[in-house]
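The next block holds one structure in the form of structure tokens; read it before the comments.
Here is how names work: the chains are called A, B, and so on, in the same order as the sequence lines, proteins then strands, and each is numbered from 1.
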2 protein chains.
Amino acid sequence: MTTAAVDKRRVILDAAVRVFARQGFHTCRVSDIADEAGVAYGLVYHYFSSKEEILDTLFLERWDVMLAAIAESDASQRSPRDKLYAVAAFIIDSYRHDPELMKVIVVEVTRAANTFGLTHLEKIREAYAGIAAIVEQAQADGLFRSEITPEFAAQAFYGSVEQVLTGWIFDSVAIGAPEFERAKTLIVETICRGLER
Amino acid sequence: MTTAAVDKRRVILDAAVRVFARQGFHTCRVSDIADEAGVAYGLVYHYFSSKEEILDTLFLERWDVMLAAIAESDASQRSPRDKLYAVAAFIIDSYRHDPELMKVIVVEVTRAANTFGLTHLEKIREAYAGIAAIVEQAQADGLFRSEITPEFAAQAFYGSVEQVLTGWIFDSVAIGAPEFERAKTLIVETICRGLER
DNA sequence: CCTGATCCTGACTGATCAGTCAATCGATCG
DNA sequence: CGATCGATTGACTGATCAGTCAGGATCAGG
């Protein structure tokens, strides 16, 4: 695969992010992606076997990085609160860095587990499991209350983060660095106060 | 409109719930709904002007009841914690009473704000606003901390509830009355501990 | 400069499906 | 009885679009 070829593949993926974010996966046509990428229709099928595979690729590219970040945070020697902060910070920074990509992942995959995300349910669950592992450790160390199952706590935590993201995605109010930082602190502060002894 | 006529409309709506829950809104055909309802294809268009209007109707029917429940809880003289408990209980009981309908509402409307729910964004926001009103009152009464904006707290709260619901929807593990009751308590307990002074 | 491979093009096809409509059914009433 | 009108039927149409394919361009190696 030559450098040019790699580039065209990337160009198509990047164009797809913009198109999916703007029109939605189900509503857009493959030709929209080709047009946005400035590439012939057929070339899309040279690099991807279907429209779905494009979304697949975008999701997995990013999600795997997130799973690694969660695992790394879990493995670190920080306090549970700092570990959860690292997770929230990763997700929020992902949005900050590339809002369109995160919109596509959240809206078209994570929150659409029905139509499309069923394929990725296992991957999505891995994220919950990673967060649950952090909570479980904190409970074992006597830092978090044990009434709540780690799985439940993980859902509450992830749910809060994703809902805040969803708010930004659809409320279309401009937000800057301070708001992002504040959101990280507030979510973690709220949920951890709820979980701590 | 005769009684029989009212019934057919209802039969179609109920069939649509089952079909949407099973196949998803985008993936199902109108003929699937007609078949499920045991009714001719054309009759669907006698009662509804489009496939979307069916989903519209299902969503609004239920959502308006929920908005009323939130408003009523807010207006009551209970403690903030009890008010939020009432909201969580309403949503969770809705799922318990009709899981397929709640699956459709959450998956196809609430969590699909992109493709379809944009139409209902305003309605959805009303729910957040109602929850935020409860938090705001609690802050004014000095019961909740003021660092967190009511809107933010509402998103965290609603996000947690919806994520737990989503877990039930997709994990397809059988759950009984005790789990539902436990979930209400745990969510409210966790979030309120995080919000209280 | 030939040859095979890979990249790239866009017109075309085949299937799908939302929505239409002309025709039938059946209840109600004068 | 027969006229009227809403309920009901399902075959049909028109548009859309994912994916194919046959061929042209470009490049690498011999």
Side-chain angles (χ1 to χ4, degrees), chain A residues 1-59 104 108-109 112 114-120, chain B residues 1-59 104 108-109 112 114-120:
Chain A
M1 213 184 245
T2 69
T3 323
V6 173
D7 283 349
K8 279 290 166 70
R9 201 186 124 95
R10 193 72 255 165
V11 164
I12 292 170
L13 283 171
D14 292 345
V17 168
R18 272 171 273 134
V19 172
F20 289 160
R22 195 193 313 132
Q23 302 176 236
F25 177 78
H26 289 285
T27 339
C28 81
R29 289 162 294 184
V30 173
S31 66
D32 294 331
I33 300 173
D35 290 352
E36 177 80 25
V39 135
Y41 186 90
L43 194 63
V44 174
Y45 286 91
H46 182 71
Y47 288 110
F48 305 95
S49 63
S50 70
K51 187 182 168 186
E52 237 186 66
E53 205 191 74
I54 301 174
L55 183 53
D56 259 343
T57 306
L58 290 171
F59 168 71
V104 170
E108 304 295 343
V109 186
N114 207 19
T115 27
F116 176 76
L118 269 187
T119 334
H120 296 297
Chain B
M1 213 184 245
T2 70
T3 322
V6 174
D7 283 349
K8 279 291 167 69
R9 200 187 124 95
R10 192 72 255 166
V11 164
I12 291 169
L13 282 171
D14 292 344
V17 168
R18 272 171 272 135
V19 173
F20 289 161
R22 195 193 312 133
Q23 302 175 236
F25 177 78
H26 289 285
T27 339
C28 82
R29 289 161 298 191
V30 173
S31 65
D32 294 331
I33 300 173
D35 290 353
E36 177 80 24
V39 135
Y41 187 89
L43 194 63
V44 175
Y45 285 91
H46 182 70
Y47 289 109
F48 304 94
S49 64
S50 70
K51 187 181 167 186
E52 235 186 67
E53 203 190 73
I54 301 174
L55 183 53
D56 260 344
T57 306
L58 290 171
F59 168 72
V104 169
E108 304 295 344
V109 186
N114 207 19
T115 28
F116 177 77
L118 268 189
T119 334
H120 296 297

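Within the 3.5 Å criterion, the main-chain N or O of A:Val11 finds no donor-acceptor partner in the side chain of A:Asp14. Under the 3.5 Å distance criterion, the side-chain polar atoms of A:Lys51 are matched with a main-chain donor or acceptor of A:Phe25.
Across all strands, A:Ser50 comes closer than 4.0 Å only to sugar-phosphate atoms, never to a base (heavy-atom distances).
For the pair A:Ile54 CD1 and D:dA18 C1', the computed distance is 11 Å after rounding to whole Å. Rounded to whole Å, the distance from OH on B:Tyr45 to P on D:dA7 is 18 Å. A:Phe48 has its CZ atom 13 Å from the P atom of C:dC7, to the nearest Å. A straight line from CD1 of A:Ile33 to P of D:dC17 spans 12 Å, rounded to a whole angstrom. Atom P of nucleotide D:dC17 and atom NE2 of B:His26 are separated by 13 Å, given to the nearest angstrom.
Of the candidates C:dC7, D:dA18, D:dA7, the closest approach to any side-chain atom of B:Tyr47 belongs to D:dA7.
Each end of the helix from C:dC1-D:dG30 to C:dG30-D:dC1 gets its own axis from five base pairs, and the two axes differ in direction by 0°, given to 10 degrees.
Considering only side-chain N and O atoms, A:Lys8 lies under 4.0 angstrom from the phosphate OP1 or OP2 of C:dC8. Put simply, B:His46 has no side-chain N or O that comes within less than 4.0 Å of OP1 or OP2 on D:dT8.
Qualifying side chain to side chain contact (heavy atoms under 4.5 Å, CB included) partners for B:Ala34, counting only residues two or more places apart in sequence or in other chains: B:Val44. The ring pair (Phe, Tyr, Trp, His ring centres under 6.0 Å) test applied to A:Phe48 returns no partner, not counting sequence neighbours. Take B:Ser50 and apply the side chain to side chain contact (heavy atoms under 4.5 Å, CB included) test, not counting sequence neighbours, and it matches B:Glu52, B:Glu53.
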Quick one: which protein N/O atoms are closer than 3.5 Å to N/O atoms of nucleotides 10-16 of chain C? Pair and distance per line, please.
unit_1: C:dG10; atom_1: N7; unit_2: A:Gly42; atom_2: N; d: 3.1

* To do: Decide yes or no on side-chain contact (heavy atoms from CB on, under 4.5 Å) for B:Arg9 and B:Thr57, but give the supporting numbers first.
  => CA-CA 11 Å; B:Arg9 200 187 124 95; B:Thr57 306; 3.7 Å; yes
* **Steps toward side-chain contact (heavy atoms from CB on, under 4.5 Å) verdict (A:Ile54, A:Leu13)** => CA-CA 7 Å; A:Ile54 301 174; A:Leu13 283 171; 4.0 Å; yes
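Salt bridge status for B:Arg29 with B:Asp32: present, with a side-chain N to carboxylate O gap under 4.0 Å.
Listed by first then second residue, pairs satisfying salt bridge (charged side-chain N to carboxylate O under 4.0 Å, His left out) with a partner in residues 36-49 of chain B read B:Arg18-B:Glu36, B:Arg22-B:Glu36, not counting sequence neighbours.
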